[in-house]
Chemist: 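Quick one: structure below, then a few questions.
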Protein chains: 2
Amino acid sequence: MLWHDAAARYAAGGPVPGAAIERTASMHCGTCAARHVGLCDALSADGLAELADAACWCSLPRGCILMAEGEPGAHFINVSHGTVRLSKDMQDGRRQVIGFVSTGAFVGLGAEARYSFTATTLDEVRFCRFDRTGLRELFLRYPVLEQRLLAAACNELALAQGQMLLLGRKPARERLATFLIDWSSNFSNREPTALVVLPMCRGDIADYLGLTIETVSRCLTAMRKQCLIAIDAEHNISIIDRTTLQAIGSGATN
Amino acid sequence: MLWHDAAARYAAGGPVPGAAIERTASMHCGTCAARHVGLCDALSADGLAELADAACWCSLPRGCILMAEGEPGAHFINVSHGTVRLSKDMQDGRRQVIGFVSTGAFVGLGAEARYSFTATTLDEVRFCRFDRTGLRELFLRYPVLEQRLLAAACNELALAQGQMLLLGRKPARERLATFLIDWSSNFSNREPTALVVLPMCRGDIADYLGLTIETVSRCLTAMRKQCLIAIDAEHNISIIDRTTLQAIGSGATN
DNA sequence: CGTCGCTTTGATTAATGTCAATAGAGGTGG
DNA sequence: CCACCTCTATTGACATTAATCAAAGCGACG
């Protein structure tokens, strides 16, 4: 699996095995899964065409770096398929995953000079890439875009605040329960389902929850033994007792 | 000290000892410390007058609740003086402070139906309170306001992500060092000063850093013994060795 | 069939939380 | 002005959680 090779090639602007990059995105709008969410849904056909002309449509395999913390924040991404991991890394290797995003998400929102986190593909990811400077002029003519971005930013802020509560005050068991409930509700499917598909590995879950791989594994095993969940496969978990899991996640049990 | 009395009275809309509330804010704009930051600075005199007419000018003593988590998010606040603590609380008493804000800060940004956190005054706080519905119409006519809010939200998001890294991956010592450096740079004064004035108590620091009061106290004592800081008074800390403190905060030492 | 990467499990250690007591600071009233 | 009271912070002894270190299991893939 030569995925860092792919990541390096993408970062360097060179050809990536398994990747597709096209100069304009418009031809994909008709079939895009993000067509009716977030940014694109706010626009009329004309506006959408303009937006698409400003975008570059891309598809990348697993393990590519879409943007790297500290690099100039030239781009802005709208994910149309797949899952992206956002993380902050320290020099000594410690990593905090600050979020997982999928269809419809904007990445690189902040108008900062440099990216404040690294974005990595967890599976095959298709997305539209915008040039930040080119987009600014479009915003002036379509204020609704700025409204959508503001709404998205506020939503992300609320999620971040919930995660601060989790990281600062919840023990491992509660963190895992919260994670499973959140993931089963917000992602993979519209309404909560028993089956939770986790595109990330245990290490990513650990880095998201501020734990170690071992603790994540032990907690999952404990939950399985208590018949709260079933581990169908490493990345497929079934929620058996949602009510109890929710109670644990909100700290209502001991 | 009857401060929860004051909080209860403010929440109930009744008179608060030490509080001043006026229907319009315009007469205070000339002397407002937030006049040339954030929202208000973006507007011309005409726009500012309109904005001020939509606002209610308030002053509250220490310990009042400006907004409570879970209540309908009817208002939106622009702080012009003092410090406000933002926190999320769990049923069993666990608390996570998600931020401290002061002059120029917007509180209640998210267009959500209900507040996602509780805002409490830490000292005497003066602020402008806006009606969310009344403000929306103003936004349509002054798109620059929405731009400012978006910039503010993105900035807060970046801070929240940094705090996630702190809560998820830094040990107590690094958390305290980061906190002191951040507070000395971002608040109290424009450029970093040796003297750090902390308007919050140890318990608030602990709840902000995901620690206990005892651990905060012990770490501060240890730093004092290592001559990194001096504790002039409980709320006045002098930074003696900023370089080392910064290194500790970023995880560069062991 | 063997190797590599990821996950699980076990034994031990270290960091931080909990419980308890003491020490200061600030305010109040005699 | 001083004694007292209360609230906050500090310090100490001990308990507990989760991290670390180490090894084995499992699956995918060549």
Side-chain angles (χ1 to χ4, degrees), chain A residues 1-5 62-63 85 90 92-96 122-123 166-177 179 198-225 229-237 248 251 253-254, chain B residues 1-4 61-63 85 90 92-96 122-123 166-177 179 198-225 229-237 248 251 253-254:
Chain A
M1 183 59 115
L2 294 174
W3 63 264
H4 15 17
D5 187 39
R62 190 180 102 101
R85 180 191 71 203
M90 294 175 72
D92 60 4
R94 280 177 278 173
R95 164 176 291 175
Q96 180 64 36
L122 284 183
D123 42 27
L166 178 144
L167 293 169
R169 290 294 178 226
K170 293 186 183 177
R173 180 183 173 69
E174 292 180 16
R175 297 187 196 194
L176 250 304
F179 174 73
L198 303 171
M200 74 294 289
C201 66
R202 296 286 187 272
D204 289 334
I205 297 174
D207 287 338
Y208 182 56
L209 300 178
L211 301 168
T212 58
I213 294 177
E214 294 92 327
T215 301
V216 169
S217 184
R218 275 187 257 267
C219 281
L220 287 176
T221 302
M223 286 176 173
R224 179 172 54 74
K225 286 183 177 166
I229 62 171
I231 303 177
D232 308 328
E234 280 169 357
H235 295 265
N236 289 10
I237 290 177
I248 294 171
T253 56
N254 50 2
Chain B
M1 183 59 118
L2 294 174
W3 64 263
H4 18 13
R62 190 181 103 100
R85 180 191 72 204
M90 295 176 71
D92 59 5
R94 280 177 279 173
R95 163 176 293 175
Q96 180 64 35
L122 285 184
D123 42 26
L166 179 146
L167 293 169
R169 288 295 177 226
K170 292 185 184 178
R173 178 183 174 70
E174 293 180 16
R175 296 188 198 194
L176 251 303
F179 174 73
L198 303 172
M200 73 294 288
C201 66
R202 296 285 187 274
D204 289 335
I205 298 174
D207 287 339
Y208 181 57
L209 299 178
L211 301 168
T212 58
I213 294 177
E214 294 91 331
T215 300
V216 168
S217 185
R218 276 188 257 266
C219 281
L220 287 177
T221 302
M223 286 176 174
R224 179 171 54 72
K225 287 182 177 166
I229 60 170
I231 303 177
D232 308 327
E234 279 169 356
H235 294 266
N236 289 10
I237 289 177
I248 294 170
T253 57
N254 48 1

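Small disclaimer: the values here were computed from a predicted structure and weren't measured. Numbers restart at 1 for each chain; the letters A, B, ... are given by sequence-line order, proteins then strands.
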Chemist: How bent is the helix from C:dC1-D:dG30 to C:dG30-D:dC1, comparing axes over its five end pairs at each side, to the nearest 10°?
Modeler: 30°

Chemist: For each nucleotide in nucleotides 19-30 of chain D, reading 5' to 3', give B when a protein heavy atom comes within less than 4.0 Å of its base, S when such contact involves only the sugar-phosphate, and - otherwise.
Modeler: SBB---------

Chemist: Compare every heavy atom of A:Asp123 with every heavy atom of A:Pro199, then report the nearest pair and how far apart it is.
Modeler: CB-OD2, 3.9 Å

Chemist: Considering only heavy atoms from C-beta outward, does the side chain of A:Gln96 approach that of A:Leu167 to under 4.5 Å?
Modeler: yes

Chemist: What is the minimum heavy-atom distance between A:Cys219 and A:Arg173, and which atoms define it?
Modeler: SG-N, 4.0 Å

Chemist: When the distance from CG of B:Asp92 to P of C:dG17 is rounded to whole Å, what number comes out?
Modeler: 15 Å

Chemist: So which nucleotide from D:dA18, C:dT8, C:dC6 ends up closest to the side chain of A:Ile213?
Modeler: C:dT8

Chemist: Which nucleotide, C:dT8, C:dT7, D:dT10, lies nearest any side-chain atom of B:Ile231?
Modeler: D:dT10

Chemist: Does A:Thr221 put a side-chain nitrogen or oxygen below 4.0 Å from OP1 or OP2 of C:dT9?
Modeler: yes

Chemist: Examine distances only and state if a side-chain atom of A:Arg169 and a backbone atom of B:Leu211 form a donor-acceptor pair shorter than 3.5 Å.
Modeler: yes

Chemist: Can you give me the closest heavy-atom contact between A:Arg95 and A:Arg85, atom names plus distance?
Modeler: NH1-NH2, 3.3 Å

Chemist: Which heavy-atom pair separates A:Met223 from A:Leu176 by the least distance, and what is that distance?
Modeler: CE-CB, 3.8 Å

Chemist: As a test of reading the structure: which of D:dA9, C:dC6, D:dA18 is closest to the side chain of A:Ala172, going by heavy atoms?
Modeler: D:dA18

Chemist: Is there a side-chain contact between B:Leu198 and B:Phe179 (heavy atoms, below 4.5 Å)?
Modeler: yes

Chemist: Which atoms form the tightest heavy-atom contact between B:Leu209 and B:Arg175, and what is the distance?
Modeler: O-NH1, 2.6 Å

